[in-house]
J.: 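Let me begin by handing over the structure; questions about it come next.
Start at 1 with the first residue, then count along the sequence. Just so you know, these numbers use all the heavy atoms, side chains as well, and skip hydrogens, waters and symmetry mates.
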Amino acid sequence: DNGRGLNTERIKAKALQNGLVTEAELEKMTEAQIHKFIFAPGFSTAAQVTSVSGRGVGMDVVRTNIDQIGGTIDIKSVAGEGASVTIKIPLTLAIVSALIVEAGGDRFAIPQLSVVELVRARANSEHRIERIKDTAVLRLRNKLLPLIHLKKLLRIDDGATTTSDAENGFIVVTQVGSQTFGIVVDGVFHTEEIVVKPMSTKLRHIDMFSGNTIL
């Protein structure tokens, strides 16, 4: 929405009026946290109730329904510029093409849609892993690409990484949105069409995974 954005002051006043928060709590809250009050039941900043607004049920119903299917909704607003609403809905039983990789002795699937290319890094070669202030980067066609190790990301690193391992490895060059980076893995198997099931309720707080499958 490229309109006026959310009126933070009106939201704060309405939240106090409805008893959703105290003034002391409000002072400690960020603007983003204040904006989330619009999802509260019966919350509206409209001056009067009409057939299409003012009842405070629209955004509440949206969030409730998204929560029921295990999704999330977030809103970012800049006064005078507009607001953007981001809705994330989990995969149900989707079939996706994935690259199967290995890390720490286990297999994981990376969506093929995000994979740009595969690189085998070797010391003293054109494609080599370098370090800048203790941060690993890949020199790929004279460009530096930030690297993340899948084992460390998933906290399954046994700490037994050798100097040779640090300089050599399989790298999945990945692009997510406008960001391009490399994921260092122990091995690469093949691409496969997999059936993705949503994470169970108890595991949905782990934002590292979008779903699970049987390999």
Side-chain angles (χ1 to χ4, degrees), residues 65-74 86-215:
N65 281 279
I66 290 175
D67 284 346
Q68 286 177 350
I69 60 173
T72 61
I73 182 169
D74 193 28
T86 303
I87 298 174
K88 295 181 180 180
I89 298 174
L91 299 169
T92 50
L93 282 177
I95 297 177
V96 299
S97 179
L99 176 68
I100 311 302
V101 300
E102 181 184 10
D106 292 318
R107 290 192 293 173
F108 301 92
I110 300 175
Q112 187 73 30
L113 191 64
S114 301
V115 177
V116 178
E117 62 180 303
L118 293 175
V119 175
R120 179 70 187 270
R122 296 179 186 274
N124 303 318
S125 72
E126 179 187 359
H127 303 143
R128 60 186 183 275
I129 297 176
E130 300 178 7
R131 303 196 76 82
I132 299 178
K133 294 184 179 180
D134 294 327
T135 300
V137 295
L138 171 68
R139 185 171 291 278
L140 181 64
R141 291 185 285 276
N142 293 322
K143 291 185 178 180
L144 294 179
L145 202 66
L147 296 178
I148 53 173
H149 287 73
L150 188 57
K151 285 194 295 189
K152 293 181 180 178
L153 203 61
L154 300 175
R155 299 180 182 179
I156 54 175
D157 187 6
D158 56 8
T161 303
T162 64
T163 303
S164 177
D165 292 334
E167 295 180 352
N168 301 279
F170 296 94
I171 299 172
V172 183
V173 180
T174 308
Q175 182 169 1
V176 179
S178 60
Q179 302 295 320
T180 302
F181 53 92
I183 303 174
V184 184
V185 298
D186 295 339
V188 176
F189 292 104
H190 53 267
T191 57
E192 185 177 333
E193 297 286 326
I194 61 173
V195 177
V196 181
K197 298 181 179 181
M199 300 294 286
S200 67
T201 306
K202 292 182 179 179
L203 299 177
R204 280 180 187 158
H205 66 283
I206 307 176
D207 55 9
M208 195 71 66
F209 303 107
S210 61
N212 53 67
T213 189
I214 298 175
L215 293 176

J.: May I have all residue pairs that pass side chain to side chain donor-acceptor pair (under 3.5 Å) and include part of residues 104-118, sequence neighbours excluded?
T.: E117-R141

J.: What distance do R120 atom CZ and I171 atom CD1 have between them, rounded to the nearest 0.5 Å?
T.: 10.0 Å

J.: Enter the distance from K197:NZ to T213:OG1 here, rounded to the nearest 0.5 Å.
T.: 7.5 Å

J.: Please determine whether the number of non-hydrogen atoms from other residues, nucleotides or ligands lying under 6.0 Å from atom CG of L153 exceeds 12.
T.: yes

J.: So, taking the atom named NZ in K88 and the one named CG in D74, what distance separates them when rounded to the nearest 0.5 Å?
T.: 8.0 Å

J.: Could you give the side-chain donor-acceptor pairs of residues 183-196 under 3.5 Å, partners two or more places apart or in another chain?
T.:
residue	atom	partner	partner atom	Å
D186	OD2	G104	N	2.8
H190	NE2	E192	OE1	2.9

J.: State, yes or no, whether a side-chain contact exists between F108 and L150 at a heavy-atom distance under 4.5 Å.
T.: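 F108 reaches L150 side chain to side chain.
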
J.: Please tell me if the side chains of R139 and L144 come closer than 4.5 Å, counting only heavy atoms from C-beta onward.
T.: yes

J.: Return the OG1 to CG distance between T174 and L118, rounded to the nearest 0.5 Å.
T.: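 So the OG1 of T174 and the CG of L118 are separated by 9.0 Å.
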
J.: Please report the interatomic distance CG(L147) to CD1(I129), rounded to the nearest 0.5 Å.
T.: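 With rounding to 0.5 Å, CG (L147) is 5.5 Å from CD1 (I129).
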
